Amino acid sequence: MVKAVVGANWGDEGKGKITDMLAEKADIIVRFQGGANAGHTIVNNYGKFALHTLPSGVFYDHTTSVIGNGVALNIPIFFKEYNEVVSRGVPAPKILISERAQMVMPYHILFDQYEEERLGGKSFGSTKSGIAPFYSDKYAKIGFQVSELFDEEHLKEKLASVCATKNVLLEHLYHKPLLNVDELFAELMEYKKMVEPYVCDVSLYLWNALKEGKEVLLEGQLGSLKDPDHGIYPMVTSSSTLAGYGAVGAGLPPYEIKQIVTVCKAYSSAVGAGAFVSEIFGDEADELRRRGGDGGEFGATTGRPRRMGWFDCVASKYGCRLQGTTDVAFTVLDVLGYLDEIPVCTGYEIDGKVTTEFPTTTLLEKAKPVLETLPGWKCDIRGIKKYEDLPENCRKYVEFVEKHIGFPITMISNGPGRDDIIYRNK
């Protein structure tokens with residue numbers, strides 16, 4: 001059986017805890033897209049970890065953690081994470097890396113930085129991790145698959161060709177130092193040494209695992225609104241964030257995906273530029289940011305303060321629909337316990353008309369939030385294990401959100417720990 005865990009909104013929904021919980025029950029965890037430009041935080045018996053490329057299964061000795069074909073693999077960062085996890089007492093995890101995964105090249109990071117610098121005030125708010133240049137090269141067919149590390153003659157020839165093109169841009173557009181083919185080749189040979197023990201045909205491995213009855217968990221990065229086709233384009237990421245892409249990014253038949261757990265925060269947060277209709281500012285935002293997440297709402301990759309907002313039913317309904325949601329995991333509900341009243345965005349006003357359907361970006365940028373206010377519960381709900389034991393106003397908040405998004409909330413997170421989950425049968 002294959003399950004997927006994905007995000008409904010901008011990607012900062014607190015997926016780390018949910019993926020960690022689901023990973024414990026899986027045999028294989030596959031990271032199927034994205035790169036080191038965003039991470040998720042996991043708190044467990046070993047401590048607190050901000051993972052960027054490593055799958056959540058690295059904390060369980062019964063699991064195999066897999067890097068799928070769709071991942072932007074930054075090899076030095078990947079192994080830096082791996083070594084950090086092991087250095088903190090975690091048993092060496094079982095890792096497999098797809099031979100078809102493509103590598104983030106050193107110049108991808110440079111081009112990301114140079115382009116943001118060139119754009120100035122019109123930049124995309126990139127994490128400067130090389131992701132957009134990486135995927136641009138992938139689809140321009142000048143990227144480098146892991147398998148190419150093992151054909152040195154071909155690799156040198158291709159490097160020379162690619163660098164010739166890149167150096168024109170470096171010289172005449174960015175006015176930066178040129179790439180050196182020999183230095184790049186030497187660096188790639190170091191990459192080869194790192195990955196060689198782990199490389200395999202991941203698609204075949206997963207196919208055989210499913211025939212043996214193994215349980216596979218597909219783990220995505222970011223959320224529906226960062227999808228390049230369906231999100232707030234152009235302020236999106238560069239690979240599909242949808243569960244449907246999990247079949248492509250892992251190399252599995254789409255019919256094998258039986259459960260899609262979509263993660264929503266009980267409020268909204270986002271890193272980076274782009275339309276954010278329910279956003280709040282000033283002291284109100286600072287207070288929610290300080291209390292939110294796991295030790296505050298700051299980017300797991302960049303450390304940047306996250307933009308804050310109230311729960312957005314319009315965006316969440318849209319995001320859940322795109323994901324093909326079977327279960328909603330509603331996270332950080334405990335954070336809202338300090339509020340007397342809790343606003344919820346239930347519609348968008350655009351050019352004087354109210355809609356509950358998520359619009360294209362040009363209309364989204366004109367949208368104003370239509371807010372409904374619910375009474376708060378004014379108490380700490382951490383430690384509660386049964387849904388029926390939550391305060392009445394807390395349950396009303398959950399049920400209000402569920403009604404407006406139209407998808408069942410079956411899991412509720414009410415604390416940072418692995419066990420701080422309330423299961424709700426629907």
Side-chain angles (χ1 to χ4, degrees), residues 8-10 12-14 17-18 41 43 223 263-271 275-299 305-317 319-320 328-349 354 356 367-417 420-424:
N9 300 321
W10 295 267
D12 302 306
E13 287 95 3
K17 177 178 176 178
I18 303 301
T41 301
V43 179
V263 186
C264 295
K265 274 182 179 169
Y267 51 88
S268 299
S269 68
V271 167
F276 186 6
V277 176
S278 69
E279 186 169 11
I280 57 176
F281 304 92
D283 292 343
E284 192 175 42
D286 289 341
E287 181 73 359
L288 183 55
R289 184 182 298 112
R290 182 181 68 80
R291 293 174 177 269
D294 177 36
E297 286 285 357
F298 299 90
R306 289 185 177 131
R307 299 162 66 193
M308 306 303 297
W310 303 123
F311 188 85
D312 187 331
C313 294
V314 179
S316 299
K317 178 178 71 171
C320 287
V328 173
F330 203 47
T331 62
V332 292
L333 183 62
D334 54 297
V335 168
L336 300 179
Y338 74 99
L339 291 163
D340 293 313
E341 295 182 326
I342 307 172
V344 180
C345 177
T346 57
Y348 294 167
E349 183 185 330
V354 174
T356 59
K368 299 176 183 178
V370 176
L371 299 174
E372 293 189 43
T373 302
L374 278 68
W377 48 92
K378 294 296 290 180
C379 67
D380 186 1
I381 62 170
R382 288 191 181 184
I384 294 175
K385 298 298 182 185
K386 294 181 180 179
Y387 182 73
E388 297 76 20
D389 293 338
L390 288 171
E392 181 182 3
N393 285 346
C394 185
R395 285 184 276 116
K396 284 183 176 179
Y397 182 79
V398 172
E399 289 156 22
F400 180 89
V401 165
E402 183 178 61
K403 177 183 175 182
H404 279 78
I405 64 174
F407 293 88
I409 295 175
T410 61
M411 288 170 258
I412 296 165
S413 165
N414 64 332
D420 294 327
I421 293 280
I422 297 171
Y423 294 95
R424 181 168 174 252

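Predicted model, so just to flag it, every value in this text is computed and none were measured.
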Asker: Are Phe311 and Phe400 close enough that their ring centres sit under 6.0 Å apart?
Answerer: no

Asker: Using the side chain to side chain contact (heavy atoms under 4.5 Å, CB included) rule, take Tyr348 and Thr356 through it: C-alpha gap first, then chi angles, then the decisive distance, then the call.
Answerer: CA-CA 6 Å; Tyr348 294 167; Thr356 59; over 6 Å; no

Asker: Quick one: do Phe330 and Ile409 satisfy side chain to side chain contact (heavy atoms under 4.5 Å, CB included)? Show the steps, please.
Answerer: CA-CA 7 Å; Phe330 203 47; Ile409 295 175; 3.7 Å; yes

Asker: Quick check: do Leu371 and Val344 have side-chain heavy atoms less than 4.5 Å from each other?
Answerer: no

Asker: Quick check: do Leu288 and Ile280 have side-chain heavy atoms less than 4.5 Å from each other?
Answerer: yes

Asker: Report yes if the side chains of Trp310 and Cys345 come closer than 4.5 Å at any heavy-atom pair, otherwise no.
Answerer: no

Asker: Is the closest side-chain heavy-atom distance between Leu390 and Ile422 below 4.5 Å?
Answerer: yes

Asker: Under the side chain to side chain contact (heavy atoms under 4.5 Å, CB included) rule, collect the residues that match up with Ser268, sequence neighbours excluded.
Answerer: Trp10, Phe276, Ser278, Asp312

Asker: For Leu333 and Cys394, which heavy atoms make the closest approach, and how far apart are they?
Answerer: CD2-SG, 3.5 Å

Asker: Checking side-chain polar atoms at under 3.5 Å, does Ser316 have a donor or acceptor matched by the opposite partner on Asn9?
Answerer: yes

Asker: Which atoms form the tightest heavy-atom contact between Ala367 and Val277, and what is the distance?
Answerer: CB-CG2, 4.0 Å

Asker: Measure across Gly309 and Tyr267 and return the closest heavy-atom pair with its distance rounded to 0.1 Å.
Answerer: O-CB, 3.6 Å

Asker: Decide, yes or no, whether a salt bridge links Glu392 with Arg395 under the criterion of side-chain N to carboxylate O below 4.0 Å.
Answerer: no

Asker: Looking only at heavy atoms, what is the nearest atom pair of His404 and Cys313, with distance?
Answerer: CB-SG, 3.6 Å

Asker: One thing to verify: whether Arg289 and Glu297 come together as a salt bridge, which I'm taking to mean a side-chain N less than 4.0 angstrom from a carboxylate O.
Answerer: no

Asker: Exactly one of Ile412, Ile405, Val263 should register a side-chain contact (heavy atoms from CB on, under 4.5 Å) with Val328. Which one does?
Answerer: Ile405

Asker: Please tabulate, for side-chain N and O atoms in residues 334-343, each donor-acceptor pair with protein atoms closer than 3.5 Å (sequence neighbours left out).
Answerer:
residue	atom	partner	partner atom	Å
Asp334	OD1	Gly415	N	3.3
Asp334	OD2	Arg382	NE	3.0
Asp334	OD2	Arg382	NH2	3.3
Asp340	OD1	Lys378	NZ	3.3

Asker: Which pairs count as side chain to side chain donor-acceptor pair (under 3.5 Å) when at least one residue sits in residues 367-376, sequence neighbours excluded?
Answerer: Thr346-Glu372

Asker: Do any N or O atoms from the side chain of Tyr423 and from the backbone of Lys385 form a donor-acceptor pair under 3.5 angstrom?
Answerer: no

Asker: Arg424 vs Glu402, test: salt bridge (Lys or Arg N to Asp or Glu O under 4.0 Å). Steps then yes/no.
Answerer: CA-CA 12 Å; Arg424 181 168 174 252; Glu402 183 178 61; 3.0 Å; yes

Asker: Show the nearest heavy-atom pair for residues Ile421 and Lys17, with the distance to one decimal.
Answerer: CD1-CE, 3.7 Å

Asker: What are the two closest non-hydrogen atoms of Glu287 and Arg290, and how far apart are they?
Answerer: OE2-NH2, 3.1 Å

